[in-house]
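See below for the structure under consideration.
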Amino acid sequence: MAESFDVPLVEEEKFYLPDPSYKQQAWTKDYQKAYEEFLADPDGFWETQAKQLEWFKPWTKVREWNYPYAKWFVGAKLNITYNCLDRHVANHRRNKVAMIWRGEEEGEERILTYQKLFHEVCRFANGLKKLGVAKGDRVCIYMPLVPEQVIAMLACARIGAVHSVVFGGFGVNALNMRIKDAEAKVVITADVAIRRGKTIPLKTIVEEAVVNAPSVEKVVVLSREKENPVELHREMEVDFYDLMKGVSTRCEPEVMDAEDPLFILYTSGSTGTPKGIVHTTAGYMVGTYYTTLNVFDLKDTDVYWCTADTGWITGHSYVVYGPLCAGGTVVLGEVTPDYPDPGSFWKIIEELGITIFYTAPTAIRMFMKVGEEWPNKYDLSSLRILGSVGEPLNPEAFEWFYKAIGKSRCPIVDTWWQTETGMQMITTMVGEPMRPGFAGKSIPGVVADVVDKSGKPVEPGTGGFLVIRNPWPSMLRTVYKNDERYQKYWDTIPGCYTAGDLAVKGKHGYIMVIGRADDLIIVAGHNIGTAEVESALVSHQAVAEAAVIGKPDPMKGNTIKAFVILRVGFSPSDKLKADLTYHVRMTLGPIAMPSEIEFMDKLPKTRSGKIMRRVLKAKEMGIDPGDISTLEE
Ligand code: WT7
């Protein structure tokens, strides 16, 4: 991990205070009091949250903590979909809108009530059973952001199958690796995803990715192109809706143990292979439910839009499980912020009367660049609360979001969390003073801190490592088939979960997250491992060696720059640069494409042969490389 970094200059005394009415009507009315109550009785605090949900059998113990292994709601039996669906269908929410989907084309909209969603989930769950999918089996979901993706996830959870959703922007190798690691029995996909008016052939990618993946027995295909339907290879492939034909709209929920796995979600690590983060049932449910209510302050009348794809943890926790457990109306948009024009998001907000809007800093910075005239064309007065996630929300972007979108009226919750944490951990709760540049404080239920390598809290204003001191319900339980990698999170700094981020605690106790401390690059909010990109490059016949760095970018936060040594017989050219970029696109997917490639004769290495990316980065940015005593020559 990096040793030190410059603390960005921000105005610490500057803050915004929302109208007192926000605090008066919030689920958490008094942050300080709630936090103290939590500290006084952590188990009691979480028990109170859990009791709001329905259980087939209650727990005998709230928490069992055997460092670094936690069990939550020990002995309890439940099904998360019972809380997302049955619970609402049985009460006043039966005909409430659960989900509104929007596509790119004018007029493309689908609305599902809780009753309808419940039936669809049960039917698809019964369909999966017909394919022989049973409790504990892994199912890979590689789909666009359509209601069927959510239906597929919930159907898996209904029958106790473990889903592994892979973002539709990943390429063949990335998908293949994930299918193989999880040993998925079934892959669910669609013929195409639609993005900026173009179709992306997902099924073609799946066809290639299931080669050498012997665990896969069936591929379920959602056919969206009605006029030009894809041909199915019947020995292996089944149509999504055919699978739902002739089955019951009832499917008894599988009785799950609190600690039964709910899903695996792969995230980048510091090696070339992604980590399969494992989340279990009860703790994840309670954590996402509690935060949806208390961080977003979700009410029954809200129309809530989180712009993340369900392929990321943000989509799992805050498009699907959290808001549905809380009985919310969730908007799903297979849309991009700048297509067909930079008004696309604002149009949806106006038309659907969105009240809570959760998006990413990279999108906000793009909107800033194109100017206020775009949001000003639309009526955004329905907005009540704004949220941000994925990377630091820099003060300039905060100000713009607050003023141009929130009209200096809506609180912004800048939420820090990770795939591993499952739920939001640090933010400024609705009603509390917001300090631009700072995410905020630990939410009640969480003890985050900024420490040095020995685990000692750093002085205010000094940089350090972001850690979590206590176990929390929705924490990852392990890394799939690689518990050593799990232990590493808890081994690095004594007594703490190490998040891998650098942070500063300001004098008001607010935490400012600076960025990653390790070999991960966050590009437009997506976590990408330098090692993954490097090994993709090296798999090209022209490449002998590669080193990848993140280069600060005003829009995307970071972009990827690759330094490449060519093999003998190959010479640098623009054509080769384009080939290499394309190669990464095909192997890992468009999100991991380098935006710059530089050919080198030599890479800076330590005497032991480790590439010193830090030196490359310093040179690139024209700054002091720091300690280079280990550099060879
Ligand atoms: C990393 C986790 C959690 C959902 C999306 C990303 C960065 C996330 C913030 C924030 C500053 C943030 C961190 C973190 N990050 N939210 N509000 N402020 N940084 O999930 O792919 O697991 O990435 O995203 O660096 O470690 P992920």
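Keep in mind that what you see is a predicted model, and the values were worked out from it rather than measured. Only heavy atoms go into these numbers, but all of them, side chains included; no hydrogens, no water, no symmetry mates. Order of appearance sets the numbers: ligands from 1, and atoms from 1 within every ligand.
- You'll find the side chain of V295 reaches within 4.5 Å of the side chain of M429, heavy atoms only.
- In this structure, the side chains of I549 and I521 stay at 4.5 Å or more apart for every pair of heavy atoms.
- In this structure, E459 places its CD atom where only 12 or fewer heavy-atom neighbours from other residues, nucleotides or ligands lie under 6.0 Å away.
- Ring-plane geometry between W46 and W72 is classed as perpendicular, the angle between the planes exceeding 60 degrees on a 0 to 90 degree scale with a lower cut at 30.
- Side-chain contact between Y318 and T292 is present, with at least one heavy-atom pair separated by less than 4.5 Å.
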With the criterion set at N/O pairs under 3.5 Å, what does the list of contacts between the protein and ligand 1 look like, atom names and distances included?
residue  : atom   : partner : partner atom : Å
ligand 1 : 15 (N) : G390    : O            : 3.3
ligand 1 : 16 (N) : G390    : N            : 3.1
ligand 1 : 17 (N) : D414    : OD1          : 2.7
ligand 1 : 17 (N) : T415    : O            : 2.8
ligand 1 : 18 (N) : E391    : O            : 3.3
ligand 1 : 21 (O) : N527    : ND2          : 3.3
ligand 1 : 22 (O) : T419    : N            : 2.8
ligand 1 : 22 (O) : T419    : OG1          : 2.6
ligand 1 : 23 (O) : N527    : ND2          : 3.0
ligand 1 : 24 (O) : G390    : O            : 3.3
ligand 1 : 25 (O) : D501    : OD1          : 2.8
ligand 1 : 25 (O) : D501    : OD2          : 3.0
ligand 1 : 26 (O) : Q418    : NE2          : 2.9
ligand 1 : 26 (O) : D501    : OD1          : 3.1
ligand 1 : 26 (O) : D501    : OD2          : 2.7
ligand 1 : 26 (O) : R516    : NH1          : 2.8

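- Under the salt bridge (Lys or Arg N to Asp or Glu O under 4.0 Å) criterion, E420 pairs with no residue at all, not counting sequence neighbours.
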